[in-house]
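Single-structure report; data block below.
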Amino acid sequence: ASGLANKYMSSDAQMARACLQNARAQSALVGGGLVLLLVAVHRSLTMPGLFDAGDQYALLLSLLAGLATTVGGVIAVWRKPDQRLLAFLLGTAIGVMSTLSVVELYVKNGIENGFLGITLATFAGAMVYVVLEPLLPKAEVLESKVENGDAGADAVTKMSKARLMRLGLLMAITMTLHNLPEGFAVAFSSFTSVGPIMAAAIGVHNVPEGIIVAAPVYAATGSRRSALALATASGLSEPAGALLALCFVKPYLTPTLLQYLLAATGGMMSAVCAIELLPEGRKCRHDHALARGVLVGTAVMLGTLYVGV
């Protein structure tokens, strides 16, 4: 019996090592893609004639918004955030994004361009996210393995390092797919006065995303470099989305279509707050911190809109 147990333990260890090696290979592949994307964005910003000044501004805003995931990654590897801090950050993101969506992209947009069309565009944007959200890869299966463990143990003892690494990679893939349309939103808004505000709102939203990508990778590997690389790569799908928008959508863009696209973006952001951010914040089990974050985010965004930043 002891020999049989040792055999199974050896098999599990070999499987764990194989998973970690595969995960590290995927991390290296993501890092290579990250370098290529940075080179592409740099060339698009510096090569004359490739993009005009407005296009370069759109790429710069989307790049800055995407790099906010790196800020979250730094928080995760410098000082592991507790559930209270994560709830506050998620609440702040909810306050910022929902206020921008309602006040600027719906109410003001509706006053200036008519509420019927803007309302339909907002609803359409929300429905797009509702339809696409179930198709995004989920981490709940792996997360349930953490939650179903012993209540007194921490996450590292409840999951193998291989599974933690796989969870981090899965979260990176999920956030990458999620951030791609946000690049579209920043690119469209950059042609209006709301561009910097949109980039700032999405940047605030990206900070907790960087945390949830980097934290399991750092716990699995102990490598700050790998955790930060994956967190950064997940956010750089935003400038990639902006590139796609500028290359394939901008030629057909009119002032009216732009306003409808911004309204649809507001609907999508509201759906993200309701379907993704709020449930994740409630999982932290610190509703008071979540509510404080919502109030802070709302106040900051209202003040920003009031002064016209």
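The basis for the numbers below is simple: all heavy atoms, side chains too, and nothing from hydrogens, waters or symmetry mates.
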If we ignore hydrogens and angles and just use 3.5 Å, is the side chain of S101 paired with the main-chain N or O of G266 as donor and acceptor? yes
Scanning both residues in full, the closest heavy-atom pair of V107 with F115 reads O-CZ, 3.7 Å
Got a donor-acceptor contact below 3.5 angstrom from the T298 side chain to the L295 backbone? no
Are side-chain heavy atoms of F191 and P255 found at a separation under 4.5 Å? no
Rounded to the nearest 0.5 Å, what separation is found between the SG atom of C284 and the CG atom of D82? 9.5 Å
Is there a side-chain contact between L85 and I211, using heavy atoms and a 4.5 Å cut-off? no
Residue set satisfying side-chain hydrogen bond (donor to acceptor under 3.5 Å, both in side chains) with D287, at least two apart, ordered chain then number -> R282
Treat each ILVMFWY residue as a node, draw an edge where side-chain heavy atoms are under 4.5 Å apart, and state whether L132 and M269 are in one component. yes
Start with the C-alpha gap between V186 and L64, add the side-chain angles, then the distance that decides, and say whether side chain to side chain contact (heavy atoms under 4.5 Å, CB included) holds. CA-CA 10 Å; V186 175; L64 292 175; over 6 Å; no
Quick one, E104 and I197 - any side-chain contact, counting heavy atoms below 4.5 Å? no
Working to the nearest 0.5 Å, report the span between CG of L59 and CG of L243. 5.0 Å
Do you reckon V102 sits in the same ILVMFWY cluster as I94, going by side-chain contacts under 4.5 Å, direct or chained? no
Just do the side chain to side chain contact (heavy atoms under 4.5 Å, CB included) check on L261 and L253 with the steps written out, would you? CA-CA 10 Å; L261 287 173; L253 204 60; 3.5 Å; yes
For a quick test of reading the model, state the closest non-hydrogen atom pair linking A231 to T69 and the distance between them. O-OG1, 2.7 Å
Co-membership, hydrophobic cluster, residues M268 and L244, 4.5 Å side-chain: yes
Going by heavy atoms in the side chains, are H286 and R292 under 4.5 Å from each other? no
Taking atom CZ of F123 as the centre, report whether more than 12 heavy atoms of other residues, nucleotides or ligands fall under 6.0 Å from it. no
T265 side chain reached by F184 side chain, heavy atoms, under 4.5 Å: no
Please check this pair: side chain of N179 against backbone of S234, looking for a donor-acceptor N/O pair closer than 3.5 Å. yes
Report whether Y218 and L230 are members of the same hydrophobic cluster (ILVMFWY, side-chain heavy atoms less than 4.5 Å apart, transitive linking). no
Shortest non-hydrogen contact from V77 toward A227: CG1-CB, 3.7 Å
Evaluate the side chain to side chain contact (heavy atoms under 4.5 Å, CB included) criterion for residues L236 and L67: first the C-alpha distance (whole Å), next the side-chain angles of each, then the deciding distance (0.1 Å), finally the verdict. CA-CA 7 Å; L236 288 181; L67 287 176; 3.9 Å; yes
Do L90 and L278 sit in one hydrophobic cluster, given that two such residues count as connected whenever their side-chain heavy atoms are within less than 4.5 Å of each other, even indirectly? yes
Once rounded to the nearest 0.5 Å, what's the spacing between atom CD1 of I202 and atom CD of E238? 5.5 Å
Can you find a pair of side-chain heavy atoms, one from T192 and one from M198, that are under 4.5 Å apart? no
Apply side chain to side chain contact (heavy atoms under 4.5 Å, CB included) to residues Y260 and I118 and explain how you reach the verdict. CA-CA 6 Å; Y260 287 153; I118 295 302; 3.7 Å; yes
Answer with yes or no whether the side chains of T119 and Y106 bring together a donor and an acceptor at under 3.5 Å. yes
Which heavy atom of G95 sits nearest to which heavy atom of S98, and what is that distance? O-OG, 3.5 Å
Approximate separation, where rounding is to 0.5 Å, of M301 CE and M97 CE: 10.0 Å
Could you tell me the separation between the CG atom of N113 and the OG1 atom of T256, rounded to the nearest 0.5 Å? 7.0 Å
Here the gap from T70 atom OG1 to I75 atom CD1, rounded to the nearest 0.5 Å, amounts to 11.0 Å
Decide yes or no for L277 and H205: does some side-chain heavy atom of the first lie under 4.5 Å from some side-chain heavy atom of the second? yes
If we only count heavy atoms from C-beta on, is the E280 to E209 side-chain gap below 4.5 Å? no
Just by distance, do the side chain of N206 and the backbone of A65 share a donor-acceptor pair under 3.5 Å? yes
For the pair T99 (side chain) and V96 (backbone), establish whether a donor and an acceptor sit closer than 3.5 Å, ignoring hydrogens and angles. no
Indicate the atoms forming the closest heavy-atom contact of S237 with L180, along with that distance. O-CD1, 3.3 Å
Looking only at non-hydrogen atoms, find the nearest pair between I275 and P279 and report the distance. O-CG, 3.2 Å
